[in-house]
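In what follows, a structure is listed as structure tokens, so that the remarks can point back to it.
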Amino acid sequence: MGKPKTIIEKIWDRHVVHQEEAKPDLLYIDLHLVHEVTSPQAFEGLRMKDRKVRRPDLTYATMDHNVPTIHRNVIKDQVSKTQMDTLKKNCEEFNVPLADIDHPDQGIVHVIGPELGLTQPGKTIVCGDSHTSTHGAFGALAFGIGTSEVEHVLATQTIWQAKPKTLNVKVNGKLGKGVTAKDLILAIIGKYGVKFGTGHVVEYTGEAIRSLSMEGRMTVCNMSIEGGARAGLISPDDTTIEFLRGRRHAPKGEEFEKAAEQWKSLATDEGASYDATLEINADEVEPQVTWGTNPSMCIPVSASIPTPDDATSANEKDEITRALNYMGLEAGKPISSVNIEHVFIGSCTNSRLSDLRRAADIVKGQKVNPSVRALVVPGSHSVKIAAEQEGIDVIFKEAGFEWREAGCSMCLAMNDDIVPPGERCASTSNRNFEGRQGTDARTHLVSPEMAAAAAIEGHFVDVRKFTVPTA
Amino acid sequence: MEPIRVHEGLVYPLNRSNIDTDQIIPKQFLKRISRQGFGQFLFFNWRFNNDGEPREDFSLNKPQYKDASILVAGENFGCGSSREHAPWALQDFGFKVVIAPSFADIFYNNCTKNGILPVVLPEEKVQVLMENAETSGYRIHVDLENKRVYDSNDFEASFDLPEYQREMLLNGWDEIAVTLTHESKIDQFEDQRQVF
């Protein structure tokens, strides 16, 4: 028996193509996901040097960031249209498979990878998008890269990477009723800050993680980057295997059983050590709401908005003051008293079928508050169709939600789904940065359940106490 | 990319922590398909008000920083999105060096692929640079060969960065060309690669 290893080391060691003193390792990439925003300059770079895509069969493209979510083929913004046309042209020229805007497999790149079974345990996965960490939920080593690295992977199917440090984020206990994976990851970032994971790959472990569905695990891994970690992952188990069984790109029949054995053997060995460990008790986590301008600025829904006097340093005081000012919030007031004008249920964090189901359970038979505009943007075309087959669209529409086509939409507002200046949005996305959902827009990150309840009440409410009023 | 060995330039201090890439370049400017011309959008929402007029209260708009080429910022600079448009915007605006107590991983990497030098200095040193740069015309030298930062008075600090990235920056190498020197190893890896 060798030294016990973490899953991170196991995947790493299997992908080293070349190793040399005082250099990063050259790692092989098993899956390269591509979208319209961070790829045009990479393809152009290939063209200028007369280079080819080395492995189009390990590359998969879709369009998600820019796409309209109302009328699929009405793209008013010509610059957006050019960017989408460019991806199409590049995929044709370089033989890269593309789920185009009207393709049945189209969707947010981090939703469709798992959905199609392209995302598998043990793979190295990259994409020119920081939320590539999502795929780590399957026990894959998945991380975001810049456009120069996109070009590099297209040309060589490899990437130079210094071996990262390993960080165990151990989640003890169980999440309470009405408390979700989203609340958990927000609470972790709230407790440990926006850079606890810098220079590390995070492995999430512990009872609460094991109890999460694959969708919940994706939500947790998705936001690893908001804690500074390029990659976050979870050792595969039966939940992982069962999710992948029957997926289009997963192995079939006996091959699948063989693969499943291999996948399970990737799990971190008993007694393996990490460079660092952080812990959190799931039992203590409440539904969270962000109040500020980065994801660590979050509080339980029962709490009050922090005041600059709570700060422990001059720098932090300054940050709280700036954030309160940008967000137009009064320090010390309960967060539940804050009124909202928009609700966005969607994004690579929370737009999968189970997210929509749980939100629909809250919304059923209710009406969206007259002061609120609410939209649901499914993560993929397949999610949309599946939800429609279950009648989820009808629940949302009858309540007054807009039911849209798949895309990144209001998470980053590159298309027409924008929060106007000064207005406030309860959003199931991942970033509450200044201007993220529109210039001077104010974002509060929450779970789908919390967003649904806020849509109905017009302000934040503790979803655990939210009961359907009798007519 | 352009090699960078020693750079001497004017310092612009931006004393904020956790400056994310959405601030460096907002998303509405990510739709272009070329690498050029992003400088005009740098810190757009901080530099301009909603009418497109320069905001007087944002220090980068002050004439004294017009020719700045060295940005000094707070910790965790460049957090958030992987958009390489952030270093493209900084570079196109005229910045060649960014100094901070810490950087987000993807942004740091992206800088080194574009000939921008990210320099990590201890918080105290960064604060000294911030204060000095409040005075008009404060210039420093950043010497990548010797991994030193100094001014014409008594400021002096050393920094470190991975040797691989230092070499890439010093030589301005095309990384893909470097990798392709190992192409036979990639071929070999693919021959033996396990696919489940």
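Everything quoted here is computed from the prediction, not taken from an experiment. Convention: sequence-line order gives letters A, B, ...; per-chain numbering from 1.
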With a 4.5 angstrom heavy-atom cut-off, could you sort out which part of [X] is near chain B: side chain, backbone, both or neither?
{"X": "A/Gln437", "result": "backbone"}
{"X": "A/Thr147", "result": "both"}
{"X": "A/Ile225", "result": "side chain"}
{"X": "A/Leu58", "result": "side chain"}
{"X": "A/Arg436", "result": "both"}
{"X": "A/Pro164", "result": "neither"}
{"X": "A/Val150", "result": "neither"}
{"X": "A/Glu21", "result": "neither"}
{"X": "A/Thr158", "result": "side chain"}
{"X": "A/Ala229", "result": "neither"}

Examine whether an atom of [X] lies under 4.5 Å from a heavy atom of chain A, and if so say whether it belongs to the side chain, the backbone or both; otherwise answer neither.
{"X": "B/Ser102", "value": "side chain"}
{"X": "B/Phe44", "value": "neither"}
{"X": "B/Ala86", "value": "neither"}
{"X": "B/Gln165", "value": "neither"}
{"X": "B/Asp187", "value": "both"}
{"X": "B/Ser34", "value": "backbone"}
{"X": "B/Tyr164", "value": "both"}
{"X": "B/Gln188", "value": "neither"}
{"X": "B/Gln23", "value": "side chain"}

> Are the charged groups of A/Glu319 and A/Arg322 less than 4.0 angstrom apart, N to O?
Replying inline: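 Here A/Glu319 does not pair with A/Arg322 in a salt bridge, since their nearest N and O are not under 4.0 Å apart.
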> Does A/Lys81 pair with A/Asp85 as a salt bridge, N-O distance under 4.0 Å?
Replying inline: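 Salt bridge between A/Lys81 and A/Asp85, a charged N being under 4.0 Å from a carboxylate O: yes.
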For [Y], is the NZ or CZ atom of [X] found under 6.0 angstrom from the centre of its six-membered ring and inside 45 degrees of the ring axis?
{"X": "B/Arg32", "Y": "B/Trp88", "answer": "no"}
{"X": "B/Lys62", "Y": "B/Tyr12", "answer": "no"}
{"X": "B/Arg148", "Y": "B/Tyr150", "answer": "yes"}

Residue among [options] with most heavy-atom pairs under 4.5 Å to chain A:
{"options": "B/Pro26, B/Pro162, B/Ser17", "result": "B/Ser17"}
{"options": "B/Asn110, B/Thr21, B/Ile106, B/Asn50", "result": "B/Ile106"}
{"options": "B/Gly74, B/Cys79, B/Pro87, B/Ser81", "result": "B/Ser81"}
{"options": "B/Glu175, B/Gln28, B/Glu75, B/Glu167", "result": "B/Glu175"}
{"options": "B/Asn114, B/Asn45, B/Val178, B/Asn15", "result": "B/Asn45"}

Looking only at heavy atoms and a cut-off of under 4.5 Å, which of [options] has the most pairs with chain B?
{"options": "A/Glu151, A/Glu226, A/Glu316, A/Lys123", "answer": "A/Glu151"}
{"options": "A/Met84, A/Glu149, A/Lys23", "answer": "A/Glu149"}
{"options": "A/Asn430, A/Thr38, A/Thr439", "answer": "A/Thr439"}
{"options": "A/Gly45, A/Gly199, A/Ala155", "answer": "A/Gly199"}
{"options": "A/Gly438, A/Gly144, A/Pro24", "answer": "A/Pro24"}

>> Using the rule given for salt bridge (charged side-chain N to carboxylate O under 4.0 Å, His left out), can you reason through B/Lys31 versus A/Asp77, listing the C-alpha separation, both sets of side-chain angles and the distance that settles it, and then say yes or no?
In response: CA-CA 10 Å; B/Lys31 298 174 184 176; A/Asp77 180 348; 2.6 Å; yes
For the residue pair [X] and [Y], establish whether any side-chain heavy-atom pair is separated by less than 4.5 Å.
{"X": "A/Thr124", "Y": "A/Leu31", "result": "no"}
{"X": "A/Thr156", "Y": "B/Glu183", "result": "no"}
{"X": "B/Tyr108", "Y": "A/Thr198", "result": "no"}
{"X": "A/Leu266", "Y": "A/Arg14", "result": "yes"}
{"X": "A/Asn432", "Y": "A/Pro295", "result": "yes"}
{"X": "A/Thr86", "Y": "A/Thr82", "result": "yes"}
{"X": "A/Phe43", "Y": "A/Val53", "result": "yes"}

>> Surrounding NZ of A/Lys49 (heavy atoms of other residues, nucleotides or ligands, distance under 6.0 Å), is the total greater than 12?
In response: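 Incorrect, the count does not exceed 12.
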> Above 12 or not: heavy atoms from other molecules or residues under 6.0 Å from CD of B/Glu2?
Replying inline: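 Counting other residues, nucleotides and ligands, CD of B/Glu2 stays at 12 neighbours or fewer.
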>> salt bridge (charged side-chain N to carboxylate O under 4.0 Å, His left out), that's the test. Do A/Asp129 and B/Arg83 meet it? Break it down for me.
In response: CA-CA 7 Å; A/Asp129 189 282; B/Arg83 58 188 71 162; over 6 Å; no
> Is the ring centre of B/His85 less than 6.0 Å from the ring centre of B/Phe38?
Replying inline: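 B/His85 vs B/Phe38: aromatic centres under 6.0 Å.
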